S.K.: 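Sending over a structure as C-alpha cells; questions will come in a sec.
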Amino acid sequence: MELENAKNTIKKAAEKLNLSKETLDIILNTEREVKVNFPVQMDDGTQKIFTGYRIQHNSLLGPYKGGIRYHPEVNLNEVSALSIWMTIKTATLNLPLGGGKGGVICNPKELSEQEIENLTRGFIKKIAPVIGPHKDIPAPDVYTNSKIMDIIVDEYSKTEGIPIEKAKAVVTGKSIENGGSLGRDTATARGGQFVLKQAIEQTKIIPTLENATIAIQGIGNAGGNFAKLISKDNAKIIAISDSKGAIHNPKGLNINKVLEHKKQTGSVMNTPDTICMTNEQLLELDCDVLVPAALANQITEKNADKIKAKIILELANGPTTPEADKILEEKNKLILPDILTNAGGVTVSYYEWFQNINQEKWTAEKVDEKLKEKMQNATKEILDKKEKYQTTTRIAAYVNAIERLSRKLEN
Ligand code: GLU
C-alpha cells in the first residue's frame, strides 16, 4: 500500500510540473533491490535464518542514503516506499545524496543484545558489496541506534578489509566516540521544531508556540526529544504516548516526570496526575498541534474527520494515508509533511558524513546553526510553492524535490 501511495504522490506532483514520461519513469522506478537471507547465532546455541532488504531507489543527486529498521513487519513494499521517501527527502533539503532504505524482519524486543549484534553483523556481511562511503550510507531508523551503527562500521571494515578510520563514513548516526556528529541524536526532533516555528511565523495559524497545546503520539527518539525541546519553548504538551497507550492532562504534562516514570516502569501509562487513554484517542484530542511521531498509517479515512488539531506535524514517516490527507485538507488543516518535518535526521547525517570524509569535528552550535538554516529555507520554499501551485503542502514539497531531480536529468 505504501509503495502505491508514494508513487501516486509523485505522479500528482509530476502533473503540476508537466514532467516528461521518461523523467517520471526514472523517478518512479527503483535502481536496485537487494534481498538477503543470512544465519544468526542465537543465545540458546541454535542458528536461525533472518531476511533483510536494502533498497536503493535513486542516486541522481548522490550516494544512496537512508536508515535500516529492525521490525517484525518489515517487508519489500514498505522498505521500497521508505526508500522513495528518502530520495524525495534529500532532494527537499537540497543535499547531495540519493535515497535508499533497509530493514531486517525481526522483533528486537525479543532479541538479546548479543543476538542483535550477531544479526547486525550477519546482515552487513551480506550487503557489504552494495554499501560504502560513496555508494550507499545507512543510518538508524525504527529500533536501530548508535550502538548498532558502530557495529556496522566494525563489520564493514572487517568484511571489506579496510581500516576502521576509512570505514567510518559508511554509516551515520554513530556514537560520538566512534565518529558520530554532535546533534545527530536530537536532529530529527530539532528539525521538526524549526519547521513548526517557521510555519507558525509564516502562516499565523496559531499566534506562537508559547502556550500552544500539543499532543504527541510516540516517545521514542523523535517524539521524546521533540517533547523535551518544545517544553523549553513553553509549549503545553497535553498528551504523549508509547506503544502501550497514551496519557493526557489538559493543564499540561511535566515531560521530565513522564520520562522518569517510563524509565522506572517501562511505560508512560499511569504517570501520576494524568488520564490514561488509547493512542487512537490521543489523535482526536482538542489541541493546536498534533505530532504523529510513531509508525505509519495512523491517521486514516476512519479518524481523519475527528482530528481537531489545526496543524499536523509529521515527525514519523508516512503517518497520514492519502484518503486522510484529502479529508484534512478539505478541513483546512495545515499538514507539515514527513519528507520535510523529519528531514533533520538525514540533514545532520549528511553533516556527520561530511565531517568523517574531511576529518573535521564541528561544534554542537555549528551543527545547530546549519540545521536551522536548512530547515527554515526548505519550509519557506515549500509554503511558497503551496501558494504558487495552489496545492497541498505535501504536493508542494514533492514538486520542489522533483524539480531538483529532473534538473539533474536534463543537465
Ligand atoms: N532514518 C532516518 C529517516 O528516515 C534517517 C536517515 C539518515 O539519516 O540517513 O530519515
Side-chain angles (χ1 to χ4, degrees), residues 2 6 53-59 61-71 74 78-93 95-104 127 131-146 148-149 152-153 168-175 179-192 195 218 220-223 225-226 292-296 313-319 336-357 367 370-371 374-375 378 397 401:
E2 279 95 348
Y53 302 95
R54 186 71 192 168
I55 310 300
Q56 299 175 329
H57 172 251
N58 189 289
S59 59
L61 301 181
Y64 306 104
K65 185 87 192 80
I68 291 178
R69 59 172 57 184
Y70 290 171
H71 197 271
V74 161
E78 188 196 52
V79 188
S80 302
L82 287 160
S83 76
I84 295 186
W85 289 334
M86 285 311 302
T87 300
I88 302 292
K89 217 184 274 190
T90 51
T92 297
L93 271 293
L95 302 172
L97 295 168
K101 198 81 169 199
V104 177
I127 65 164
I131 61 172
H134 296 282
K135 255 192 234 173
D136 182 358
I137 309 136
D141 200 74
V142 175
Y143 293 134
T144 51
N145 53 29
S146 58
I148 295 176
M149 299 306 115
I152 294 182
V153 172
K168 281 189 174 162
V170 69
V171 78
T172 57
K174 302 176 287 286
S175 67
S181 174
L182 291 168
R184 175 62 185 87
D185 52 346
T186 50
T188 308
R190 187 80 170 131
V195 170
N221 175 277
N225 281 316
F226 182 76
L295 290 170
L313 183 78
E314 295 186 335
L315 265 191
N317 283 312
L336 295 165
D338 49 4
I339 53 157
L340 166 70
T341 300
N342 69 31
V346 70
T347 302
V348 179
S349 268
Y350 169 63
Y351 299 153
E352 177 176 333
W353 175 85
F354 185 94
Q355 290 172 73
N356 294 156
I357 296 281
V367 172
K370 288 183 88 75
L371 176 66
K374 270 267 178 220
M375 300 306 295

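Counting starts at 1 for both ligands and their atoms, in listed order. Heavy atoms only: backbone and side chains are in, while hydrogens, waters and symmetry mates are out. Worth saying up front: this structure is predicted, and the values here are computed from it rather than measured. Starting from 1, each residue takes its place in the sequence as its number.
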S.K.: Mind checking what makes side-chain contact (heavy atoms from CB on, under 4.5 Å) contact with T172, not counting sequence neighbours?
M.R.: K65, I137, A139, S349, E352, W353
S.K.: Using a threshold of 4.0 angstrom between heavy atoms of the protein and any atom of ligand 1, which residues qualify?
M.R.: K65, G66, G67, M86, K89, K101, A139, P140, D141, R184, N317, G345, V346, S349
S.K.: Let me confirm one number: the OG1-CG distance from T87 to L82, rounded to the nearest 0.5 Å.
M.R.: 11.0 Å
S.K.: Counting only N and O atoms by type, is there a donor-acceptor contact under 3.5 Å from the side chain of N342 to the main-chain atoms of L315?
M.R.: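 Between the backbone of L315 and the side chain of N342 there is a qualifying donor-acceptor contact (under 3.5 Å).
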S.K.: Which residues pass the side-chain contact (heavy atoms from CB on, under 4.5 Å) test with A378, not counting sequence neighbours?
M.R.: L93, L340
S.K.: Just to verify, what does M149 make a side-chain contact (heavy atoms from CB on, under 4.5 Å) with, not counting sequence neighbours?
M.R.: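 M149 satisfies side-chain contact (heavy atoms from CB on, under 4.5 Å) with P140, T144, I152, V171, K174 only.
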S.K.: Given V346, which of T188, L95, T92 fulfils the side chain to side chain contact (heavy atoms under 4.5 Å, CB included) condition?
M.R.: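 By the side chain to side chain contact (heavy atoms under 4.5 Å, CB included) criterion, V346 pairs with just one of T188, L95, T92: L95.
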